Amino acid sequence: MNKAMDRIKNGIITENPTFVQILGMCPTLAVTTSAINGLGMGLSTTVILIMSNLMISALRNVIPNRVRIPAYIVIVASFVTIVDFLLQAFLPELSESLGGYIKLIVVNCIILGRAEAYASKNPVVPSIFDGVGMGLGFTVGLTAIGLVRELIGAGSVFGFAIPGYEPIGIFVKSPGAFIVLAFLIAFLNFRKMKKKKSNTSDTVCRMEDCMHCGNTSCGGKFFDFDGDTDVVGHVGKKEEKKEMEENANE
Amino acid sequence: MSEFTKIILIAISAALVNNVVLSQFLGLCPFLGVSKNMKSAAGMGVAVIFVIAISSAVASLIYQFVLTPLHIEYLQTIVFILVIAALVQFVEMFLKKAMPALHKTLGVYLPLITTNCAVLGVALNNVTDHYNLLESVVNGVGTAVGFTIAIVILAGLREKMEDNDIPAPFQGMPIVLLTAGLMAIAFMGFSGLVRL
């Protein structure tokens, strides 16, 4: 049980996908026009993440290593389709406002990243809790960004209007998403710098989280394309070693 | 509205009005990650145009001639993502064999596009909007051109920003996002240009 709580805490706080790993940016920016949309998207992703982690972990000794990525994609895509139809049937309003972005959960870096980094190497139960933790972490991130954008841009909180406030419409439009995220990451950088008194090299981003989904801006850093320094890589190795030791100890 | 006007409108709408990165937030990872300098930005842009043009044609054909006759339209997400992933691999292998020069310029970018949400997004949008084969390809190329315009402009701005004195917390990603936000405001000027 301790292990389970550890995975959940890890997902929500230590390795929060939105605030620490900066993964899955497309849905983060696209659907956070209101807190409710962010919550809906986050929970849908959580369900898919739990199911796909469970499935991939259960099949981890069956799937041949060489075709694992296509196999993961098929598994994820199946669950995405199921969730998409369930939303259309039971929550048509939410489905309408999230639009095509539900289908695009297939290419969300978080899901493939967790499959590759955790579920494919760990037993079923910890993988489920890893999915729960990461999913809730993502949900918290999306809801928080949605809350800020809705508050500034539409002058309401979860749909309840605040009287006497003149909303700044641009924040619910597309530029607002970029601007809010920019300030958010700047704030996180600022806090990190104050705490560490050093530069921001303590990101928990791993190479495999980023590479398979073409996420080139992992952990707020840019994947160095010209190959001078592998910013994403060497941070990852240290982290990975630690995790491998952890697993060996069990 | 004649078919020709419709095609032109689809192209303009895809490239400028509903810009894929700045208003739909698709393909954001390469947009932010590969916009450090003009050269790699342009390379990425061309690679995306190439892949999206082929993939939207293939996806449209598969939807019309395989999924619809068999009444398995609900499998579109699974089929499209697999087709796109296979296609990118295939294109890379083909380029390596047949056009080594082109492969050298585009090769690095191709694996990054495999699960780029823009490629899948276009294929799914083509289905949602009931576009036929020609319209799908035009929409795909238009979208990719929009991506290229945006990433090249961003790369140009980032090159200019390189020597500026940026407050430490804003260095790196935040300032790029702010720049992208300002670009998105500029691109909002295109809205209302086209009414389909």
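We use all heavy atoms of the structure for the numbers below, so side chains are in, but hydrogens, waters and symmetry mates are not. Lettering follows sequence order; numbering is per chain, from 1. For clarity, every value in this text was computed on a predicted model and none was experimentally measured.
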Kindly compute the distance separating [atom1] ([X]) from [atom2] ([Y]), expressed to the nearest 0.5 Å.
{"X": "B:T179", "Y": "A:I179", "atom1": "OG1", "atom2": "CD1", "result": "10.5 Å"}
{"X": "A:L181", "Y": "B:L177", "atom1": "CG", "atom2": "CG", "result": "5.0 Å"}
{"X": "B:F25", "Y": "A:T32", "atom1": "CZ", "atom2": "OG1", "result": "7.5 Å"}

Query raised in the report: Does a sphere of radius 6.0 Å around CE in B:M183 hold more than 12 heavy atoms from other residues, nucleotides or ligands, not counting ones at 6.0 Å or beyond?
Result: yes
Query raised in the report: Considering residues, nucleotides and ligands other than B:F190, do more than 12 of their heavy atoms fall under 6.0 Å from its CZ?
Result: yes
[Y] side chain reached by [X] side chain, heavy atoms, under 4.5 Å:
{"X": "B:L22", "Y": "A:S174", "result": "no"}
{"X": "A:I170", "Y": "B:M188", "result": "yes"}
{"X": "A:F183", "Y": "B:F170", "result": "yes"}

**Report entry** From CA spacing to verdict: side chain to side chain contact (heavy atoms under 4.5 Å, CB included), B:L26, A:Y101
**Finding:** CA-CA 9 Å; B:L26 301 178; A:Y101 291 100; 3.8 Å; yes
Requested in this report: Counting only heavy atoms closer than 4.5 Å, note whether A:L188 contacts chain B via side chain, backbone, both or neither.
Outcome: neither
Residue [X] versus chain A: region with a heavy atom under 4.5 Å:
{"X": "B:L124", "answer": "side chain"}
{"X": "B:V21", "answer": "backbone"}
{"X": "B:Q76", "answer": "side chain"}
{"X": "B:L120", "answer": "both"}
{"X": "B:T128", "answer": "neither"}

Query raised in the report: What pair of heavy atoms forms the shortest contact from A:P175 to B:G181, and how long is it?
Result: CB-O, 3.5 Å
Query raised in the report: What is the minimum heavy-atom distance between B:I78 and A:A77, and which atoms define it?
Result: CG1-CB, 3.5 Å
Query raised in the report: Is any residue of residues 79-97 of chain A within less than 4.5 Å of chain B by heavy atoms, and which ones?
Result: A:T81, A:F85
Query raised in the report: Which of the residues B:P167, B:A184, B:G27 is involved in the greatest number of heavy-atom pairs with chain A at under 4.5 angstrom?
Result: B:A184
Mind listing the side-chain donor-acceptor pairs of residues 93-101 of chain B below 3.5 Å, one per line with the distance, residues two or more places apart or on another chain?
none

